[in-house]
Every structure is written in structure tokens, then in C-alpha cells.
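These notes are about the structure you will find just below.
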Amino acid sequence: MYFDFSKEQYMGRDSARELLDARLPTTRLREMLGTETGFDRDVWRGLAELGSSAVLVPEEHGGLALGFLDLALLLEESGRALLPAPIVETAVMLPLALADAGPRLQKRWLPGIASGDVVATVALGGSEGLPLPAGLGVRAHREGSDLVLDGEALLVPFGEIADVVLLAARMNGSGTHDVSLILLERGDPGISWERVEGLDPTFRTSALTVTGARVGPGRVIGEPGRARGTFERMLDAARAAIALQAVGGAERALQLAVDYAKVRHQFGKPIGSFQAIKHTCADMLVAHETTRSGAYYAAWAVDTRAPDAGVAAAMAKALATEMFRSVAGHAIQVHGGIGFTWEHDLHFYFKRAKYLEFALGTATQCREVVAAARF
Amino acid sequence: MYFDFSKEQYMGRDSARELLDARLPTTRLREMLGTETGFDRDVWRGLAELGSSAVLVPEEHGGLALGFLDLALLLEESGRALLPAPIVETAVMLPLALADAGPRLQKRWLPGIASGDVVATVALGGSEGLPLPAGLGVRAHREGSDLVLDGEALLVPFGEIADVVLLAARMNGSGTHDVSLILLERGDPGISWERVEGLDPTFRTSALTVTGARVGPGRVIGEPGRARGTFERMLDAARAAIALQAVGGAERALQLAVDYAKVRHQFGKPIGSFQAIKHTCADMLVAHETTRSGAYYAAWAVDTRAPDAGVAAAMAKALATEMFRSVAGHAIQVHGGIGFTWEHDLHFYFKRAKYLEFALGTATQCREVVAAARF
Amino acid sequence: MDFTFTPDEERFRLELRQWLQDNLPRGWGAPGYEYPKTYEDWARVRRQWDRTLHAGGYAGLSWPREYGGRGATLIEQVIYFEEIARARAPEELNRGAKLLLGPTIIRHGTEAQKQRFLPRILSGDDIWCQGFSEPNAGSDLASISTRAVRDGDMLVVNGQKVWTSYATVADWIFMLVRTDPEAPKHQGITFLLADVRTPGITVRPIVQMTGSREFAETFFDNVRVPIANVLGAVNEGWPVTATALSHERGTLAFHRHAMIRVELDELIDVARRVRRGGQPVSEEPLIRQRLAQCASELDMLRWTLYRNLTRQIQGGPAGAEGSIVKLYWSELYQRITELALEILGPASQIAGGARAEEGGRWQFRFLKSRGDSIHSGTNQIQRNIIAERLLGLPR
Amino acid sequence: MDFTFTPDEERFRLELRQWLQDNLPRGWGAPGYEYPKTYEDWARVRRQWDRTLHAGGYAGLSWPREYGGRGATLIEQVIYFEEIARARAPEELNRGAKLLLGPTIIRHGTEAQKQRFLPRILSGDDIWCQGFSEPNAGSDLASISTRAVRDGDMLVVNGQKVWTSYATVADWIFMLVRTDPEAPKHQGITFLLADVRTPGITVRPIVQMTGSREFAETFFDNVRVPIANVLGAVNEGWPVTATALSHERGTLAFHRHAMIRVELDELIDVARRVRRGGQPVSEEPLIRQRLAQCASELDMLRWTLYRNLTRQIQGGPAGAEGSIVKLYWSELYQRITELALEILGPASQIAGGARAEEGGRWQFRFLKSRGDSIHSGTNQIQRNIIAERLLGLPR
């Protein structure tokens, strides 16, 4: 019984924080609002040098062959820095999905992912917002040994710059839970991208439209319609990852609120000495610390493939993202007028929180996962 | 546009408060915990002298033939005093139901109700807690011109002392909404009472068991299975009445909290000067004042038979009873340890709030009424 | 108790409704209308709208007729707010001046000030902004430090204001300055009216988290303002301020209530239209309960406003009850806009472009709602006011 | 990170589980068991249970072996709390003495005091109650006014204590008295041990809103207590108090967590069993979400406790983290018990008799939960502690 990270894991955290503090201050984040892609390849490579996307890749493909726990604190840091990059997709989801793929697909993508040369993303949801996998936006049907794909996936993170897109599709005419996992490459015929202006301006998303795109069996992970297990492992890990990002982001928002409450004076006293502010901050800390515990446990459960990994990840995702939104909202309130300005950084946290809340299943949908498992 | 009560209505309120302050202080309420019936006929008669149960009774039957608004503030006072009596049943529900009854039934009961000689109650729900009328606990079926009744109604207010029981029953084998309204009298064969020890010790309830009780058409209001309209008007008015009682009870709980916060000192200051207490009290007042407005509007809507009376009453019932429970809970918290004792009065308010929350449809069920009407 | 309107009131409502239908800017009023994109275009529409209202006789509704107003009753004012919300009319650009400043000039101004300022407020010729808050005087307004020093018949102003709404498009500013730094905090303050084009005034827009920019910082560098532009007397500006603030939380809440009602009705339509898993979202039990709860709370707000209205008509104080209402609607509105995003589902994340649900307007409202618990006195301050003034709890 | 237990720890758990199965009072442990009705019967069961635990070697788990304890590791203590909750064992009557007082005597006591008091705490021969709070010293504990004046080698105590848990059945009281009224508030306090049967002590039970009566008021009228019974030194009781209080929010939270978990599991069973409209209540979407939320929050509590445990094992402070946990579980437990009543429906209103659902126990818990945000430091005080000690916000 030891519920803490190892010294090495904390050292990795420190390196990531150092890198992100230096190369991705919010001033840089603001500059990137005006760039074409909203993506900074230097930061991405810097993180890759720390091993970010190699952690879950096997050694034979140039990876570090470590576990999810070794990535957890880096993910938390990525949330704290509001990293504008598909790190959950590239570093977590793709390696997990590719673990169940054939050797050719692995060889095609894993070395590039591990080195940081490849930027990957994942395309899932349609506009209806149904729980996953029922809510997958693209349908697949067989034609001979090929799969033909039609549909739309909204809000694909950094879709337009991704070298490879892991597309999850439902099989036409079968149960809502029959999932196929397909790897699309940039320039594949039948796919088109459209940039979507999202709530969170620091995190670019695109809509992917697939119209009769045809892929051979070499592009499919496992068997068509039989990838449910892979899909769920990937989803569990991604939910734990998002929970960690939310914990990281909330820590920063809370810190900003507390720092401000100590120096801002009104009525001749620091506002942090008024219980209205003081107790708000205390409640923020309570919510943050407790959901952080849940996110860390989910990381362990995912890492060890514990039987309750899916439930732990769903809980952590639901509670941590709601906590992040609430903490960021309270942080704005603690700041008063200045917190409501574009000039202040807080709104970026609030908006990221809202993005994370909707990503990969809402809190309501995650609670349903808990309910289905527990009663 | 005039949203206030009249001078006469306020005078009636003052008389009721004076009477209840004098004859029903909480010391008396505590004495009554030990009495056989938990009911004080002197207080009941005192209220009757103020016209409590005559307000809605037509003049020809000895009533005042006034409207629900003329009763509203007295109902609020009854909540404030935690009146242990079936006043909603006797003064509101019976007169409204009997308005749709034949002259013989009216003559049998209305004069006694108006004079205060008759104590009436209403038997509705079964143990399942389904929305009304689906959740009625007693079923009726026809045998010739008689109705035969079977089933159980839990939590009938003061059932064992009631002279007359208005029983709402579902017709066997028909839709869940076909309601019959029957008047049972004490000593009718086939009915039995059992005292139920409830959460609220100041408000006695009994379970009514009906086993093959047979009543003739002279005991039925309107047509068997056709009393839905009467039932709903009665229910709307009763919900508005309960909302008013909740508003009255909450006012007292809030007052106790505020008074205590002014005199209780800790750390050298009145605790009401600490924002933790101050803002809690402010939130209590906000919840109280706003739901009071809604309860008053519901009273007007019921009084004038406005088309939105049912929605207004459901809203007011849901929000006012939840507000009462919350206000009473916060009042306990403001008091600290002393608020948690039996010796202090607050727990009686908290328990009454919880009784009112479950009476005549939970907040969830009431919100469903709103939803069904609005979207 | 009576919830009906008199025939005169009904007539006022119908006339106004018809007038709005005839005079609303082209396209306005339709739910799908695309509002102006830039702040400047927006301000231009609103300035024009102020002129239109003036021409129609609806400017200065509450002002006495002798000052060019309509002398409308409180109920007529409420009807006005309900109808302009219902018609989705633009907000008046000069609303602050009409609601706060005008009545304050009428009460505290000299005859010359009344002559000079009042007509041009109503006509929209002078747009005003409000210079109260400062970087170190937000909730604690009386601690302003912008200085004004007398020099002959001029006051020379130095300092900085913040949250001056509409400063970038305004002609005049009404502001608080400290004229006696030795005096106790609430004394030594002067209420001053200044032409925004006076040399030494610099306006820097503040962009909000919504992306819009109706606020500004305003800097004063040796700005010379005639003593004649002092409202009330030098060093006696605090009671004048109190008059102005007492109007801030007045009937305005009726407008917000009516606007929120229009939006909630829209949201109910959305919930019935958007389908998830083969059924309208309005049928999902969780959404259904939350929507019904919001609708109920909005009704509680409505009836509370009407109760306050009756109390005011009967001569009761407007004061701290306004804080109850402000606190309640600002938090309710945050819940409503948050619910709206959940009703819309993932598509709510899309802010613009062809794929944006409802033109992204719910997202804008969601973000904007976060400011409502801050402006015009944070909700923490409102709770203090409620506890101290209405419940008598000690400071 | 590692959530497995060592073989030794697993062995400890299994032995304890077996021992509990063999030694639990008759009938205890079954969910439907009817607990003793009167407080006196209840206390008798619990006193006996203390003796049984002692005989089994489970009393004073955390105490060093030299003082008759078991020298158990923190993890073993956690396992102990988990297992006694799982077995639905009675609470120890002398828990306060074992958790708070014992370690305080070990740290601050004289050899004579250790010899005299420690063994009889463990054996259950001396039941202790805690005399800290006073009518005017609740949250502000250091402002106690119960006086003790020296008279030879005795202290003469006058005053009143309140919330003295178990005073009606206790043999001894550990208490705070003011011995120097001139000194600053936190000085001049003495930590005193007194025999409850000393002449001049009167105990008056306080009935709680649940109807149970484990608290009391205790009055002191010229009560003579030997100076030898001072723990620490005269006027130096505050650091001793701090030691005692630091143990209050320690591992105890593990017990509460484990108990709430047992109750939540019961509640889930209830929700699956109780049917409404032909389906189990657990299938109702609203109930389902709230129940899942409670289950999730309880897991957050669990993992937070385990994180704190690791931190403590590594030598980190136990301190203010305990306030996070106390605040969280007390509010969570209120939500759980409230939800329980809604799951049970109208029948939840029935407190006793044959018709009471689940023997009325959820109702009892619902009421009892209201005290959890008050005792051992109100939640307002916990928020102060969290904000000031963990976030460094100014007093």
C-alpha cells in the first residue's frame, strides 16, 4: 500500500513543468491563437524528448515500454499548461489501440509516435452526443474484404495537422456496440476536414467528413466490428488522462485565485481574509484534492489493468472535469472584474474545462458507466 | 396589478399569529408529544373562531364563502407555528371536494367543518410513492351501485381522530387516472387504523387499511372514476397550502438563526459578523423570499382558478418545501451543537420540512407537472 | 391581490408592441437574426436605436414630463421592459445615462446642468459612460484615488478608471474623483461630469472573455474640467453617488428577467427540437427536471419582482430587495446557460461557422453569464448587503 | 504506486475478520439486527465490547507495546477500521480515550500517570469522557472559562462543560480548565484528569434531535482534583490539547469512511429491491445518477484517505488534510442519507413499528448526519483551517 508516485515519476513531472513553463507560458499560448494550426511543433518535440509519447510504446518500436503511471504526471502538467496538442490521442490512445494491431500497422506508426515525428488524433463522436460507442459518428460496412466508411466525426482534436487518424466506426446494421477501429492517413480519398471554431480557442478541433472512403484490411485494428475490447481499454485510459489534465488545469486556476486573494486589497484588507473568499478557496481545494486522488487511482487502475479500471476512469473523468469547471468558475468570481477579461488568463482555463467536460463522454454518461457496474 | 394581500387579510394573519403564539408556543407543542392524539381541540376551535375552516365553505352551510387568498396567510401562520392538525385537509381539501358533491353530502359535512366541530382528513398515497393519482393506495370496484374498496393509504394526517375521511381511490381495471372520491366515516366497517410513528413527531399520521369496505352512491362525490377534475383542483389547492406552510415554517427557522447569529459570540464577535454565517443567512433569505413570492402567486392562481393554477401550485410546492428543508438545515448549522439538540426547537422545523417535502407529491413529481405543462 | 392590468396599461402595451413591430431595425426580432459582429457596428445600431426610441417618445420613460420624459408609471416601465425583451429589441446604448444619471441630475443638478444635459441624454446626442470603479476600488467603491485639484474655476483630474462601459463610443463620462484626500473615505469625493474628448483623457478598450469589448480603462492626465460640471457640491459627491446607485438595481431587473424569459422559451424550443437517441432531449428525465427547475425559478423571480413592484408603488424602499433579485437572477442565468450547453450536446462546443448550433449564441450567453455575478456589485457584496440591511446582521 | 497489502497485512486482516466473526455480540453484524433501544443498554453492550476487544488483543492498536498496545502500523490500524465497519461491530465506548487521551498521556504524562491510567483505558475499566467545549467556547475553544484555583495540592474547579460525550456512563473526564485568567487566552489553560464521581460534579444528559443521548452537560461546583492529575504542567495545557486534537482527525476518518461504505452498499441493495411503477428504483434515471455520484464521491474519499495515509507513513503531517476529509465526508454523508429517504419514498417517513422501512434506520442516519457537520469542529471552522493552513490565506 503506497499511494504516491515514485521519485523518478516526480522528476519526470518536474522536467515537463520546466519545459512547459519555459516554452509555453500563456503569452505564447496567446500568440498561437493567431497561428494557422494553433500547434507548436517545438513544444511537441520538447515533450517527445522527455519521452511523452514513447512511454506506452514497446521497446522494439523505439518506445520506453513503461506504464500509464509513468505518463500520468506529464498529462497532469499538460493540463496545467493548457497544452494545445493532441497528446491524449497520440501518447495514450494510439499506442493502446496499436497494441492490438498487426505488426505491419505497428511498424508503420509506433516508431514515429515514439520519436515525436508523428502527430496522431482520434475521431469518434457525431453531433448527437450519445454515449460511446453508440454515439460514434461514422458507420462502416463491408464490401468484399474492404470497409466502406460514411459519416461525420465532430470536434476531432487537431485533425487537420494529424498524420494519422484513428477512426472508430460502428458497423452498419449490427448492434450499437460493434466497433471497428481504422487508421486513416492524411490524403486518403473520401475524407475531408473542416476547421471548427470551438469554445476553447487554445485547442483546435476539426470536423471530419467521410464519404464512401474505402480501406483495406491492412488499415483495420483487429477484426472489423470486433474491436470493442480495444476501444474500451483505449477509452478508459483516455478518460483517466483527461481527468489528470483537468486536475492539472484546476491546480493552476486555484493557485491563481489564492495568489490574487492574498495580494488584492479591498476595505483595507486582503480579500483572502474575508470568509466569502476564504471558504470558496477552501471548497475549491477540497474538490481539487479529492478528485485528484480519484484521478491518480484511475491512473493506477489503468496502468495495472485492474478490473475496475473502466469505472475508476469514468468516475475520475466525470468528477475531475466538473471540478475543473467549477474551480475555474470560482477563480473568475474571486478575481472579480479582472477575471472576466480576455487579458487575464483565467478564461482559458474555464474554456478548457468546458471542452474536457464534453470530451469522451459527459459526466452524466460517465456516471451511467458507474451505475451499470455497481448496481 | 397589485401583488400584496389586503389590509383585512393581514389583520386575519395577525389574529392567527396572536392566537398561535399564545396557545401554541413550542412548549405546548412539546407537551403534546406525550398526549394520546397529539391534537389540541382548543387550538383547533380557536382557529375555527377566526374562520379558518369556514373560509371556503358556502354561506348556506354556515361558511364565509371567501376565497383561497383569504386563507393563505392563516395557512402560512399554521406552518410557522408547526400546527399539529389536519388544517390543509379540513379547511382546504374537503370544502373544495365537497363543492362538487351532491347537496346531501354537503349538508352532512360542510356545516360541521365550517364551525370547527368536524375534523376531516384525506387518505391518498400508498407506499410506492408514485405520482398522484397513479400512486393512490386504495382500489375501488363496482358491485351493483356500491363501490367496494381495498388497499392501504399510508401517512394519513390525524386519521385516528378524524370524523370523516376523504378517500381517493383508483378504479380497478381502468386507467391509472380514473379517480373516485369517497367519504368514509369513523366506524365504517372494513376500515382500520394503525398509528404510524413518523419522522415529524409533532404531526401524527396513521395508516388506513381498507378491506372490502362497501359504500353506497351517497358516499361518493360525483361519479365513480370520474372525479379527476375535482381531485386535481383539490390537489392544486393543497399543494399551494403546503407551500404556504413551508414558507411560514422557514420564516421562523430563519428568524431563529438570525437572532442567534446576533447574540452568539465566538472569537470576541457575534458570529453573524462572520461572512460564513452572514452569507448563509443571506442565501436563506433569498431562497425564502423568492419561494414566498411563488407561493403567494400560487395562492392567487388557485383562488382565481387561473389556467396555470396547477403548474403554479406544483412549482411552489416543490421549491418551497425544498427551501424549507434547506433553510431549517442551515439554521441548525448556524446554531452549531445547540441546534442539534432535542431541547432546541429547530429540529421540529427540520422534521416538519421533511414531512411536507414528501406530502402530496415530491419535488421531482411536482417538477414533472411543470415539465408536462411547459414542454 | 390582482394580476391584471388596467385598460390604460393594456393600451400602453399594445401601442408599444405595435410601435416596436413598425420601428425595429430590419431583421431584428427574428430568433435566427445574425447580430452585428463588431463592437463598433453594434454600437452604431444601438446609437441609432436610441434616436428611434426618442423619436417614438419612448426615451426617458420614467422621467418627469418637464424634463422631456414620459412620466410613465412604474408599471408602464415594467411593461416597457417586458415588451422590448419580447421584441428582442437592441439594448439602448445610453441606458446608464437614462436610468442612473438623468434621475441623479434631476435630483442634484443645477438648472443650467439640467438644461444642458438632460435633453441630449434623451435624444442620444450625448452618449454617457460611467467612471466609478478603479483598479483598487471595485467592491470598495469609496476608496477611489483618482484625484482632482482645484485650479481657478477648473478641476484638474489625474488617475485611472476601469470598467467604464461604452467609454470607447461615449461622448461624456460621469465619474467620481477625490477632491479631499485628508477627509474620511466617504467624504472628500466629488461627482463630476466630463467631456470624453477633453485633452488628457485616454480610453483603452478591455476585451472580455466573451470576446466583446464594451468596457474600457480610462486614463486621466491633467484633465481640466470646469467646476460648473460638478454635480452637487465639491466634496459632497457620496450622497449623489448613492442616488445614482439606488437606480442601478431598480426596474432594470425587469428587463433582465424578461430577456431571460425570452431565452428560456427559446431553450425549451431547442430541447424539443434537438433529438438524442431517437427522442427529443426534452424527454430525457435529467434534462427535463433541470429545465422544469429553471422554469420554476424564473417564475419565482418574476413574482418576486412583481411583489417588489407593488411594494415600491406603495412607497416602500427599493433598496436592498434589489440585491436579492440581482443575486437570484445572476445565479439562475448561469444555471440556464450551462444547461443550454448540455441540451445542445457536443455541438454546443462549436462557437461559429455553419456547424454552430443556434449560431453559437448559447455559448456566448454561457460565457457572458459569468460576468453577471460580478458586475454592479459582486454577489459577495450583494450577500453582505442582504445580510446587513435586510437581516440586520452586524458588519 | 501500489494498492496491494503485504502478506503480513493480509494475515492481520484475515485473523481480525475471523476473530470478529467468533467474538461479535450475538446477532450483531446482520443487516436487519435490531440495535439496543435505550442509551443505557447501548452503552452496556459497548462497554462489554471494549472488554472483548481487550481480551482479543485489539485494544490500543496504535499504542506502543510497552504500554499494553499492539504497536500496530498505520496500515494495520486502517485495516482494523475497515474490518470492524465491515463486520458492523459496535463502536468502542472508550474510543476517545484510546485514540485521543492515551497517546496524549504517553507523550505528556508522568510515569505515575501512565501506570495509573493507561492499562485501565485499554481494559475498559475506566471509561473516559471529554470535557473541552463550554457553552461559550465551542468553535473558539481557547476561550473556556471553567476556573480552577489552587488550594494546597488540590485544584478547585468551578464551571460548566457541554457536549461531554458519554459523560453519563463515564468514570473519568479529561478536561480543560482556566488556571490563570490574567494570562493571554491560549496560556493559563490546564489539562486536567478528574474522577467523575468526585463530589460536586453533576451530569445532565443532552438529548439530540435523533432522540439519542450520548452527550451531556457537566457542572462543576467546588470540585477538588489533585494537582497530581494535571497532564503536562499547570497553565501549560494548550500544547497538550493540541496533541489530543491532532489525534481526533487522524485515522478515525478511515472508520467513518468504512462505515459509510457499508451503508452505501446497503442503500444500493435497497434501491435494487424497492420497486416503483414496476421497476426497481435503481433504474430511475435521477436516482441512478445521484447514487452513482455518491458512490463516486465515496471513492474519492477513499483514495484521498489512502493518499494521506501514504503521506503520514512517509512522515508527513497529519494536520490540516484531516479537515479536508472531515468536510468532505460529513457533507457527502448528508447527501447519501437524504438520497436514501428519496429512494425509500414516502415510507421513509415512518420512524418505527412494523411498517418502518429498514427499521427506520435510514431516518435515524438522516437526522444523525446533520450533526456530522458540527461536531469535532464545525464545517465553517474546517474551511478556515483549510484556507489558512493549507492555502496560506490570511486570518
Side-chain angles (χ1 to χ4, degrees), chain B residues 1-6 9 69 72 254-255 257-258 261-262 269-273 275 277-287 289-301 303-304 306 308 311-312 314-316 318-320 323 363-364 366-375, chain C residues 1-6 9 74-75 78-79 264-265 267-269 271-272 280 282-283 285 287-293 295-297 299-311 313-314 321 323-325 327-328 331-332 379-380 382-388 390-395:
Chain B
M1 173 59 56
Y2 175 84
F3 191 176
D4 201 354
F5 291 92
S6 68
Q9 287 160 344
L69 273 176
L254 172 58
Q255 192 62 52
V258 169
K262 287 177 185 171
K269 290 198 283 190
I271 60 170
S273 65
Q275 281 185 332
I277 301 294
K278 183 180 272 192
H279 287 194
T280 298
C281 290
D283 284 335
M284 288 157 79
L285 181 68
V286 169
E289 271 298 304
T290 50
T291 49
R292 162 177 264 164
S293 304
Y296 287 174
Y297 177 75
W300 179 82
D303 183 285
T304 59
D308 65 342
V311 174
M315 280 180 174
L319 272 61
M323 174 280 295
T364 303
C366 286
R367 276 188 285 270
E368 177 53 36
V369 172
V370 176
R374 293 275 174 97
F375 45 90
Chain C
M1 205 173 285
D2 179 12
F3 285 86
T4 56
F5 292 93
T6 65
E9 289 159 356
L74 274 170
I75 291 182
V78 166
I79 291 172
L264 186 70
D265 286 344
L267 183 60
I268 288 173
D269 284 344
R272 293 159 78 169
S282 61
E283 301 292 318
I287 296 290
R288 198 167 166 80
Q289 283 279 318
R290 286 172 62 188
L291 202 49
Q293 177 70 14
S296 303
E297 291 178 10
D299 272 15
M300 300 298 126
L301 173 63
R302 173 188 219 159
W303 307 129
T304 302
L305 284 166
Y306 277 123
R307 264 176 78 219
N308 289 350
L309 180 65
T310 294
R311 194 181 295 139
I313 289 171
Q314 294 181 291
E321 276 76 13
S323 291
I324 291 184
V325 162
L327 192 58
Y328 195 76
E331 298 196 340
L332 168 59
N379 283 7
Q380 295 97 319
Q382 308 293 354
R383 288 192 175 89
N384 280 347
I385 293 173
I386 292 167
E388 291 165 12
L390 293 177
L391 295 173
L393 287 171
R395 279 177 177 277

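Proteins get letters first, then strands, A, B, ... in listed order; numbering begins at 1 in each.
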- Taking the side chain as C-beta and beyond, is there a heavy-atom pair between L327(C) and D283(B) under 4.5 Å? yes
- Task: For the pair K278(B) (side chain) and I386(C) (backbone), establish whether a donor and an acceptor sit closer than 3.5 Å, ignoring hydrogens and angles.
- Result: no
- State whether R311(C) and D4(B) are salt-bridged, where the test is any N-O pair (Lys NZ or Arg NE/NH1/NH2 against Asp/Glu carboxylate O) under 4.0 Å. no
- Query: What part of I324(C) lies closer than 4.5 angstrom to a heavy atom of chain B: side chain, backbone, both or neither?
  - Reply: both
- Drop me the distance from S296(C)'s OG to R374(B)'s CZ, to the nearest 0.5 angstrom. 7.5 Å
- Checking N384(C) against chain B: side chain, backbone, both or neither under 4.5 Å from a heavy atom? both
- Task: Determine, step by step, whether T4(C) and M1(B) satisfy the side-chain contact (heavy atoms from CB on, under 4.5 Å) criterion, reporting the C-alpha distance in whole Å, the side-chain angles of both residues, the deciding distance to 0.1 Å, and the verdict.
- Result: CA-CA 5 Å; T4(C) 56; M1(B) 173 59 56; over 6 Å; no
- Under 4.5 Å from a heavy atom of chain C, the part of T290(B) involved: both
- Message: Taking side chain as everything from C-beta outward and backbone as N, CA, C, O, which of these in Q314(C) sits under 4.5 Å from a heavy atom of chain B? Side chain, backbone, both or neither.
- Response: side chain
- Any M1(C) side-chain heavy atom under 4.5 Å of Y297(B) side chain: no
- Okay, A314(B) and chain C: the region with an atom under 4.5 Å from a heavy atom over there is neither
- Message: With heavy-atom distances below 4.5 Å as the criterion, would you say the side chains of E289(B) and E321(C) are in contact?
- Response: no
- Are any of the side-chain heavy atoms of L319(B) and Q293(C) separated by less than 4.5 Å? yes
- Which atoms of I75(C) come close to chain B, meaning under 4.5 Å heavy atom to heavy atom: side chain ones, backbone ones, both, or neither? side chain
- Does any N or O in the side chain of Q289(C) come within less than 3.5 Å of the main-chain N or O of T364(B), such that one atom is a donor and the other an acceptor? yes
- Side chain from CB out, backbone as N, CA, C, O: work out which of these in R288(C) comes under 4.5 Å of a heavy atom of chain B, or both, or neither. both
- Toward chain C, the part of Q255(B) with a non-hydrogen atom under 4.5 Å: neither
- With only heavy atoms counted, which part of E283(C) is less than 4.5 Å from chain B, the side chain, the backbone, both or neither? neither
- Mind checking ring-ring contact (aromatic ring centres under 6.0 Å, His included) for F3(B) and listing every partner two or more places apart, or none if nothing turns up? F3(C)
